[in-house]
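Notes for the one structure printed next.
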Protein chains: 2
Amino acid sequence: MDLTERKLKILQAVIADFVRTAEPVGSRTISKNYSLGSPATIRNEMADLEELGYLTHPHTSSGRVPSEKAYRLYVNDLMQKRELSQEQKDAIASELYQNVNELDNLIERAAHVLSEITNLTAFALSPGKEQDKLRYINLLPMDDYSVLLMLVSDSGKVSNTVVRLKAPASEETLRILAKNMTYNYSGKTLSEALKLDIIENFRNDAEAMSMFENAIAPSFIRTLEDMLNVNLYMDGLTNIFALPEYNDIEKARTFFEMINRKADITQKLISRGDGVEITIGRENQDADLSECSVITATYHVDGRLVGKLGVIGPTRMKYDEVTSVVEYLTDNISKAFMLTEGDDDDR
Amino acid sequence: MDLTERKLKILQAVIADFVRTAEPVGSRTISKNYSLGSPATIRNEMADLEELGYLTHPHTSSGRVPSEKAYRLYVNDLMQKRELSQEQKDAIASELYQNVNELDNLIERAAHVLSEITNLTAFALSPGKEQDKLRYINLLPMDDYSVLLMLVSDSGKVSNTVVRLKAPASEETLRILAKNMTYNYSGKTLSEALKLDIIENFRNDAEAMSMFENAIAPSFIRTLEDMLNVNLYMDGLTNIFALPEYNDIEKARTFFEMINRKADITQKLISRGDGVEITIGRENQDADLSECSVITATYHVDGRLVGKLGVIGPTRMKYDEVTSVVEYLTDNISKAFMLTEGDDDDR
DNA sequence: GTTAGCACTCTTCTTGTTTGAGTGCTAATC
DNA sequence: GATTAGCACTCAAACAAGAAGAGTGCTAAC
């Protein structure tokens, strides 16, 4: 089912025009702007392309619109990587190469600049921390009845919980507890720590044991889970208002409601493949995404922490440009993280 | 300019009907549903009310719509506090009385339940930390060239930054630095700490001094600022799609764009009065808010930490109900915070 | 002071018409 | 045999005219 040279060119022209204008593309337009033959010839070719499933017809007397199959062909075989413009690179640099307190902060900025450049809705997932190891555990007295439980992992992720006690704890007890917890958990990965039988280790100290069991342990688990949580950042939600696809208030509404189910989105993102992945229209399974395309890529930090970022938009999108930007961004996140930290020295 | 009893009743009826239906209210409707006289009488009264500025006329042959002045009168003099329904109380309880790691978490939930109950866009501002005192300062070695700077305030707020060093630091140096910082800053409020001349204190230790000046100090300031930041939580953004006021895509767009300028919103909220504050339409100053009403209230935690929460919606809103809910919520946040923490013991 | 009646206004809905972009097909042309 | 000109046909979108309906303001009667 190989397409002739001309058919490919016409298909590409239709895609290019439609992506730009969002209007069905007629034979006249193609004939005028690309020298591929007369309108009649183009029409014949288009009819063939339609029969092959690459183009569709909103109604008898309108121009052609690329099908998902056409976009897929374009993405797989036709499109070429684009070099980013200097402005785009600058925008990314000035957004990423700032001082950040936390890696999450950087990820958030990445989503921001991504949405600005692509004019689409962007999102980024903070790195999964499964492989993080506990590095520091402390119990800090706040007042008589409350203690701050603090955990730090070796990637610098900090999580903490205020624990309420039924009875005041002596500083000594807290010190022992913290020391004991450090001894038992430090160096373990977060997921390992969650699995250990945490009570076992305090058999020989009744007071510590009781406090640990009743108050600390549940908070400890909760804090570990909190550290494991990945965060989803989104930006550019209002960009869709500029798209004719979402001129219909109902469409806009469904989009926002879909994008608001953060847990779903997170899940969907996590389960996507590594590297750049493009899913078009109904390839996305989800009915709410059946008219959208999603482009994601995986970034690495330290060669160990791994997260995802990408955009979501109508199937009519600049696949070449967006793919290039997403790829460029993921390549630069790790670098940016190292550098921005280094910057502190120069302040 | 005192209104007669009947005029007041008619005005109230118009408001009630318009709030419910979003359609201009005609004299027939009022006459039918409230026994206040014949349509003709009502019409005469309405004409008077219009002259007095309480009602307006979209066009000659349509019913009346309450003006901002009418809503203001209603809010000030006519409306009565409503007792929350049991379901509403339950919804709030089940949302607030959960385990939370941080106060911010609770605030976020408050915004969530507020938007669910009112069907409007809700927001909540985490407490200002100006009065928080530094309780704990530590420097934790991560690897040879990076150190985790960690600050804890007495309200349990934790903030941290990974600091990159140019030269490796001995544990001893870090210990001394941390001790020194603790000595100098512990017990100071965050704002005080920001103002102190932080270099002065290390005159007598060249190595510590140099490291502090070059690497730690800037991060220290940044971390303090980070702790002082208030967070803005929003929920129920998509609720506006259900409102006829936002059937127009342009209106929806402006709303979202306005709500997306988080810094502006935060600023605007902070500058609002204490207690319950209601601003109607153009009372909000901001042009983007000229067709909205905003209801906010202040909550307290520990009698010291203070934040705000509220809703934003069209001027046509259930002022009585929303006010009651907002008030009820702020009253319960402090209680909930204490209780949820106590719950840990029972786990 | 209140109300019935009626002419009038203005929006909204429906229906019909026009316009224009674009197709498919046939026949002529290269 | 592929390409192109020509033409009839289709359909959406834009526009206009008319009908329906809700509601008003005013006058005159109660």
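All of these numbers come straight from a predicted model, not from anything done at the bench. To find a chain, count down the sequence lines: A is the first, B the second, and so on, and within it residues start at 1.
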In whole angstrom, what separates [X]'s [atom1] from [N]'s [atom2]?
X	N	atom1	atom2	result
B:E23	C:dT11	CD	C1'	11 Å
B:N247	C:dT12	CG	C1'	16 Å
A:I30	D:dT3	CD1	C1'	18 Å
B:M46	D:dA22	CE	P	16 Å
A:K7	D:dT3	NZ	C1'	13 Å
A:D17	C:dA21	CG	C1'	15 Å
B:R28	D:dG21	CZ	C1'	11 Å
A:D48	C:dT23	CG	C1'	14 Å

> Should A:S62 be listed as having a side-chain N or O under 4.0 Å from OP1 or OP2 of C:dT23?
Replying inline: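 For C:dT23, OP1/OP2 do not have a side-chain N/O of A:S62 under 4.0 Å.
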
>> Using heavy-atom distances to pick each residue's nearest nucleotide on DNA chain C, tell me which of B:S61 and B:P39 is more 5'.
In response: B:P39

>> Taking the cut-offs as 6.0 angstrom to the six-membered ring centre and 45 degrees off its axis, would you call B:K251 and B:Y246 a cation-pi pair?
In response: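 Here B:K251 fails the 6.0 Å and 45° test against B:Y246.
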
Residues [X], [Y]: salt bridge by 4.0 Å N-O rule:
X	Y	value
B:R261	B:E257	no
B:K268	B:D286	yes
B:K89	B:E83	yes
A:E291	A:R282	no
A:D48	A:K7	yes

Listed pairs, N/O of protein and of nucleotides 25-30 of chain D, under 3.5 Å:
from	atom 1	to	atom 2	distance (Å)
D:dG25	OP1	B:R64	NH2	3.1
D:dG25	N7	B:R43	NE	3.1
D:dG25	O6	B:R43	NH2	3.1

> Counting side-chain heavy atoms from C-beta on, which of C:dT11, C:dT3, C:dT23 comes nearest to B:H59?
Replying inline: C:dT11

> Any luck finding a side-chain donor-acceptor pair between B:T279 and B:R272 under 3.5 Å?
Replying inline: yes

